[in-house]
Amino acid sequence: MKDGYLHTRDLAVGYHGKPLIQNIRLELARGQIMTLIGPNGAGKSTILKTIIRQLDRVAGTVILDGAGMERMSEREVSRRMSVLMTGHIHPEWMTCEDVVATGRHPYTGRLGILSREDWEKVAQCLELVHAAGLAERDFSQISDGQRQRILLARALCQEPEVLVLDEPTSFLDIRHKLELLAILKDMVRTRNLAVIMSLHELDLAQKISDYVVCVRGDRIDRQGPPEEIFTADYMMELYGAARGSYNALFGSLELEPVRGEPEVFVIGGGGAGIPVYRRLQRQGVPFAAGVLAENDLDYPVASVLASQVVSEKCFQPVGEGAFRQAAAVMERCGRVLCPVAAFGPVNERNRLLREMAREAGKLEEVPVRCG
């Protein structure tokens, strides 16, 4: 990693002087996003609350911009670090602009009076999070997604070098999750912020993070870039998941396959089969899939949901052996579904399978797409 702007040295966190996680060594540079992941109750929020001094350290130190935070005043810290933690705030009789303006208090005098320049900063931060139109709205009357944007604007109004966020996408719908993280990524690039946060959504953590820290309950289990962390086996191990599977390619979870002899044969490919596989799984119908190239988009999903998959090597046309195997499996199935609309030279034998199913009266209509 780059030289850390924020780093911990032999940090131990816990409650009432009792350590829960020890020897925490994190190093976060400006221009980076570090994300803490792990099961509920593993200690992600405890680590963040200790870093921001909401909880007392059990041991070790947190170093911010070269200085131990235990020796820094609240004003010194708030000029370098902004915080957006889980939980709703309920300011009474405050507009969104008023809420954002509280972020300027580290820069005001004892009376807390904002200058013209301070109000210009407030307006700029509202623009940055695409919330200028909310300035005069009552903060208590806006949606959760809008509130998160306003609170992010307040945090940015402090002009921090480090931004700490605890589950910032909680309570947000998919649009507002994506919107908030896109704004955050822009701020990291344009303002050279250092961001440390916790996330539950593994797919989002995999896509937005520069560095990932895995919290296991009594230790930091693993840390590194996302391409090293997000593997199928390790995600299942980290979360203690005994059922279903994690798809590292898509960053998604899949349910368990339906056990038993396949009743339906699916001729898929190019992603066309994936919704059919999932529908059959939901209906509790065991199925077989083929013939799929091992680099086909369908293949990783079929591999974890189907009772049987007939496959072909990457970049190879469907061969005679795979064709005969698929025909034999298909013959034992009572129904055949083919969501693929068109076939090329590489999967010509899949077209022949479809014709065989049609002639046998097994082919059922299903929405199709080009494959």
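Rounding to the nearest 0.5 Å gives a distance of 9.0 Å between OG of S45 and CG of L36. One distance of note links CE of M81 with CD of E76; it measures 12.5 Å at 0.5 Å rounding. Here the CG-CG distance, from D173 to D144, works out to 9.0 Å after rounding to the nearest 0.5 Å. For the atom pair CG of L165 and CG of L163, the computed distance is 4.0 Å after rounding to the nearest 0.5 Å. Interatomic distance, M72 CE to D65 CG, rounded to the nearest 0.5 Å: 7.0 Å. A distance of 11.0 Å separates CG of L238 from CE of M236, quoted to the nearest 0.5 Å.
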Quick one: do I21 and L11 satisfy side chain to side chain contact (heavy atoms under 4.5 Å, CB included)? Show the steps, please.
CA-CA 8 Å; I21 308 175; L11 181 66; over 6 Å; no
Carefully, step by step, assess T46 and Y15 under the rule side chain to side chain contact (heavy atoms under 4.5 Å, CB included).
CA-CA 9 Å; T46 302; Y15 297 88; 3.0 Å; yes
For Y234 and D221, run side chain to side chain contact (heavy atoms under 4.5 Å, CB included): C-alpha distance rounded to whole Å, both residues' side-chain angles, the deciding distance at 0.1 Å, then the answer.
CA-CA 11 Å; Y234 180 64; D221 195 59; 2.6 Å; yes
Using the rule given for side chain to side chain contact (heavy atoms under 4.5 Å, CB included), can you reason through L156 versus S82, listing the C-alpha separation, both sets of side-chain angles and the distance that settles it, and then say yes or no?
CA-CA 7 Å; L156 294 173; S82 290; over 6 Å; no
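Heavy atoms only, all atoms of each residue included: A131 and I150 are closest at CB-CD1, 3.9 Å. Residue Q325 comes nearest to V310 through the heavy atom pair OE1-CG1, 3.8 Å, listed as atom of the first residue, atom of the second, then distance. Of all non-hydrogen atoms in E27 and H7, the two that sit nearest each other are CA-CB, 3.8 Å.
Note on L202 and M197: separate hydrophobic clusters, where clusters join Ile, Leu, Val, Met, Phe, Trp and Tyr whose side-chain heavy atoms are under 4.5 Å apart, directly or indirectly. I63 and V58 fall into different hydrophobic clusters, where Ile, Leu, Val, Met, Phe, Trp and Tyr residues are linked whenever their side-chain heavy atoms come under 4.5 Å apart, directly or through other members. Note on V162 and V212: separate hydrophobic clusters, where clusters join Ile, Leu, Val, Met, Phe, Trp and Tyr whose side-chain heavy atoms are under 4.5 Å apart, directly or indirectly. When hydrophobic clusters are built by joining Ile, Leu, Val, Met, Phe, Trp and Tyr residues whose side-chain heavy atoms come closer than 4.5 Å, directly or via intermediates, V318 is grouped together with M356. Residues L181 and L178 are members of one and the same hydrophobic cluster, defined by side-chain heavy-atom contacts under 4.5 angstrom among Ile, Leu, Val, Met, Phe, Trp and Tyr.
If you run side-chain contact (heavy atoms from CB on, under 4.5 Å) between Q281 and each of L255, V304, V301, only L255 comes through. Of the listed residues (R282, R278, R243), just one forms a salt bridge (charged side-chain N to carboxylate O under 4.0 Å, His left out) with E254, and that residue is R278.
Residues E159 and R79 are not in side-chain contact: their nearest non-hydrogen atoms beyond the backbone lie 4.5 Å or more apart. Between L152 and C125 the shortest side-chain heavy-atom distance does not fall below 4.5 Å. Contact of the V291 side chain with the N347 side chain is not registered, since no non-hydrogen atoms from C-beta on lie closer than 4.5 Å. Residues D166 and Q54 fail the side-chain proximity criterion, which asks for heavy atoms closer than 4.5 Å. Inter-residue side-chain proximity for M235 and I229 is flagged as met; some heavy-atom pair is nearer than 4.5 Å. Taking the side chain as every heavy atom from C-beta outward, Q158 and S78 approach each other to under 4.5 Å. Within the 4.5 Å cutoff, side-chain heavy atoms of R279 are placed close to those of V366. Between R349 and E320, some side-chain heavy-atom pair lies under the 4.5 Å cut-off.
For R216, the CZ atom is densely surrounded, since the number of other residues' heavy atoms within 6.0 Å is greater than 12. Counting heavy-atom neighbours within 6.0 Å of E348 CD, excluding the residue itself, gives a total above 12. Residue-environment remark: CD (E261) stays at or below the threshold of 12 foreign heavy atoms within 6.0 Å. In the displayed structure, E117 atom CD is contacted under 6.0 Å by more than 12 heavy atoms of other residues, nucleotides or ligands. Atom NZ of K207 sits in a crowded spot, with more than 12 heavy atoms from other residues, nucleotides or ligands closer than 6.0 Å.
For the residue pair D138 and S140, a side-chain donor N or O sits within less than 3.5 Å of a side-chain acceptor on the partner. At a cut-off of 3.5 Å, with distance as the only test, no side-chain donor of T95 or E97 sits close to an acceptor on the other residue. A side-chain N or O of Y5 and one of E161 form a donor-acceptor pair less than 3.5 Å apart.
Between E120 and R104 there is no salt bridge, since no side-chain N of the basic residue sits under 4.0 Å from a carboxylate O of the acidic one. Looking at R149 and E179, a side-chain N of the basic residue comes within less than 4.0 Å of a carboxylate O on the acidic one, giving a salt bridge. Salt bridge absent: E167 and K44 never bring a charged side-chain N and a carboxylate O closer than 4.0 Å. Salt bridge status for K121 with D118: absent, with no side-chain N to carboxylate O gap under 4.0 Å.
Using cut-offs of 30° and 60° for the angle between ring planes, the F287 and Y277 rings count as parallel.
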